[in-house]
Student: 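Just passing along the structure, written as structure tokens.
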Amino acid sequence: MKVFIKTFGCRVNQVESEALLEKFKNAKAEITPDYKQADLCLLNTCSVTAKADRDANKMIRAVKRDNPHCRLVVTGCYAMSGAEKIRQIFPFAEIVFKPDLGKALFGEDIDWTVKSHEGKTRAFVKIQDGCDNFCSYCIVPYTRPLKTSKPKAVALAEIKNLIENGYKEIVLTGINIGNYSCPQTGADLADLLEEIFKTEGDFRIRFSSIEINTVTDKLIETAAKGGKKFCNYLHLPLQSGSEAVLKDMGRHYGAQEYFNRVQYIKSKFKNIFLYCDIIAGYPTETKENFEESLDFLDKIGFAGLHVFSYSPRQGTKAAALKQIPPEEIKRRSEILHEKDKALRRAAAESLLGSEQEFLAETFVQSSGCVSGVLSNFQRALIPGGELSSQLKKVKIIKAQDGVCYAKQL
């Protein structure tokens, strides 16, 4: 049997698809990159934005058009949030919710562990799933409502195996990893992290993203004790720097609380790079609120932004509000994208002359450089050199357009 898997969206979907690929390979299936030749086409979808839904619909149509006799399975967040719509438009598609996927495909449950990430030098480990925050703009609690956590012993064994297989960076991921709680022992994320640090080997741990209200003193102190084994980086979703908008969004913190947490984090980590998600054009965001957000971004001093243009998700509270005109959302989004570029330029320039730890990811043919990431998630390039999966000591000799250029020491 030939199997094609297409992954949309977040790191959680990506690691889940990797786990599925390993299961298919163990079952002696042939993995193909060409959906037109597959006996089974599996689409692991996202639904965080309206564009994500459209992308999935486009792929479903392509599969039906070019490979009408294959088994087409649609899973993931769009399958959950748009099940009725998919059934109406694409009655030929087989919708399988994520918890049922193992039984539907293999006749058994899946534990979502991985042994490798083919073609990658960084490995992603899913430790948690689900969210019940119900922020007013977000569809995720409707698509992944059940909060679950991987048993600590299983997660530790998976991480140890990945390290033994040569991976030097392990990224802990989930829908809301700060809510991690071992179902057997009650261990929280800090407890898991402490155990990971006891693992032998030359490696580093990174969080994919973590909500600021789950970043406890205990977690930060534990992470700081990890030294070089914990990446000097955090991605802390913000969404808005306005107190009023954060309240309207139903976020579980205010701007001042966010600021205070960041100050504590900075007191424990020297030169940490912080990134955030930010939404442009939430329905109740006035022009004054938007200016407050811009000022707040400057106040925090982020190294970069992940900008989202607000789009209403059916079923959420914000979708029922009066919407901001699209042209105004676009204007604010463009301003935030320019802000992101400026922050990334400043972050790269701040590293000039410093020594950093570099992990290669790809070889860029056009420039003849090896591209990779530093511990602080700064993108760096090394002219020439080989594509090695080892952590390398480098010195930053140039910064241009938000990218560092380095030489190996």
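Nothing here was measured: the structure is a model prediction, and the numbers come from that model.
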Student: Do Glu18 and Lys120 sit within salt-bridge range, that is, some charged N less than 4.0 Å from a carboxylate O?
Tutor: no

Student: State whether a side-chain donor-acceptor pair under 3.5 Å links Thr32 with Asp34.
Tutor: no

Student: Has the side chain of Glu243 got a donor or acceptor atom that lies under 3.5 Å from a matching backbone atom of Ala255?
Tutor: yes

Student: Please list, chain by chain and in numerical order, all residues satisfying ring pair (Phe, Tyr, Trp, His ring centres under 6.0 Å) with Phe106, sequence neighbours excluded.
Tutor: Phe24

Student: Run the side chain to side chain contact (heavy atoms under 4.5 Å, CB included) test against Asp248 and tell me which residues pass, sequence neighbours left out.
Tutor: Tyr282, Thr284

Student: Report yes or no: does Thr222 contribute a side-chain atom to a donor-acceptor pair with the main-chain N or O of Lys218 at less than 3.5 Å?
Tutor: yes

Student: Hey, could you give me each pair passing ring-ring contact (aromatic ring centres under 6.0 Å, His included) that has a residue in residues 123-164? Not counting sequence neighbours.
Tutor: His117-Phe124, Phe134-Tyr142

Student: Under the side-chain hydrogen bond (donor to acceptor under 3.5 Å, both in side chains) rule, what pairs show up with a residue in residues 154-171, not counting sequence neighbours?
Tutor: Arg122-Glu169, Lys150-Glu158, Glu169-Arg204, Glu169-Arg206

Student: Scan for ring-ring contact (aromatic ring centres under 6.0 Å, His included) pairs involving residues 78-104, sequence neighbours excluded, and state none if there are none.
Tutor: Phe90-Phe92

Student: Please list, chain by chain and in numerical order, all residues satisfying side chain to side chain contact (heavy atoms under 4.5 Å, CB included) with Gln184, sequence neighbours excluded.
Tutor: Pro151, Cys182

Student: Keeping to residues at least two apart or across chains, list the side-chain hydrogen bond (donor to acceptor under 3.5 Å, both in side chains) pairs with something in residues 223-235.
Tutor: His235-Asp277

Student: Is a donor on one side and an acceptor on the other found under 3.5 Å between the side chain of Glu194 and the backbone of Ala190?
Tutor: no

Student: Quick check: does any side chain N or O of Asn133 sit under 3.5 Å from a backbone N or O of Cys135, one acting as donor and the other as acceptor?
Tutor: no

Student: Whether the side chain of Ser354 engages the backbone of Leu351 through a donor-acceptor N/O pair (distance < 3.5 Å, no angle test) should be reported.
Tutor: yes

Student: Does a side chain donor of either Glu22 or Asn26 reach within less than 3.5 Å of an acceptor in the other side chain?
Tutor: no

Student: Does Arg331 come within less than 4.0 Å of Glu327, counting only side-chain N to carboxylate O?
Tutor: no

Student: With no hydrogens and no angle check, is any side-chain donor or acceptor of Thr75 less than 3.5 Å from a backbone partner on Asn44?
Tutor: no

Student: If we count only N and O atoms by modelled type, under 3.5 Å, do the side chains of Tyr264 and Glu221 hold a donor and an acceptor together?
Tutor: yes

Student: Thinking salt bridges, do Glu349 and Arg344 make one under a 4.0 Å N-O criterion?
Tutor: no

Student: Which residues pass the ring pair (Phe, Tyr, Trp, His ring centres under 6.0 Å) test with His306, sequence neighbours left out?
Tutor: Phe308

Student: Would you list the atom pairs, donor with acceptor, under 3.5 Å between side chains in residues 288-305 and any protein atom, with sequence neighbours excluded?
Tutor:
residue : atom : partner : partner atom : Å
Glu288  : OE1  : Thr286  : OG1          : 3.4
Asn289  : OD1  : Thr286  : N            : 3.0
Asn289  : OD1  : Thr286  : OG1          : 3.0
Asn289  : ND2  : Ser242  : OG           : 3.4
Glu292  : OE1  : Ser242  : OG           : 3.2
Ser293  : OG   : Ser240  : OG           : 3.3
Ser293  : OG   : Gly241  : N            : 2.6
Asp298  : OD1  : Lys339  : NZ           : 2.6
Asp298  : OD2  : Lys339  : NZ           : 3.2

Student: Salt bridge or not for Lys98 and Glu16, using N-O below 4.0 Å?
Tutor: yes

Student: Using a distance-only test with no angle check, is there a side-chain donor-acceptor pair under 3.5 angstrom linking Thr143 and Ser81?
Tutor: no

Student: Under 3.5 Å, which donor-acceptor pairs do the side chains of residues 397-409 form with other protein atoms, sequence neighbours left out?
Tutor:
residue : atom : partner : partner atom : Å
Lys398  : NZ   : Gln400  : OE1          : 3.1

Student: Has Gln128 got a side-chain atom pairing as donor or acceptor with Gly130's backbone, closer than 3.5 angstrom?
Tutor: yes

Student: Could you give all pairs that pass the salt bridge (charged side-chain N to carboxylate O under 4.0 Å, His left out) test and reach residues 305-316, with sequence neighbours left out?
Tutor: Asp53-Arg313

Student: Quick one: ring pair (Phe, Tyr, Trp, His ring centres under 6.0 Å) partners of Phe203, sequence neighbours excluded?
Tutor: none

Student: Just checking, any donor-acceptor pair under 3.5 angstrom between side chains of Asp188 and Tyr180?
Tutor: no

Student: List the steps and the verdict of ring pair (Phe, Tyr, Trp, His ring centres under 6.0 Å) for Tyr258 and Tyr253.
Tutor: CA-CA 7 Å; Tyr258 189 104; Tyr253 55 82; 5.8 Å; yes

Student: Cation over ring, Lys6 on Phe4, under 6.0 Å and within 45°?
Tutor: no

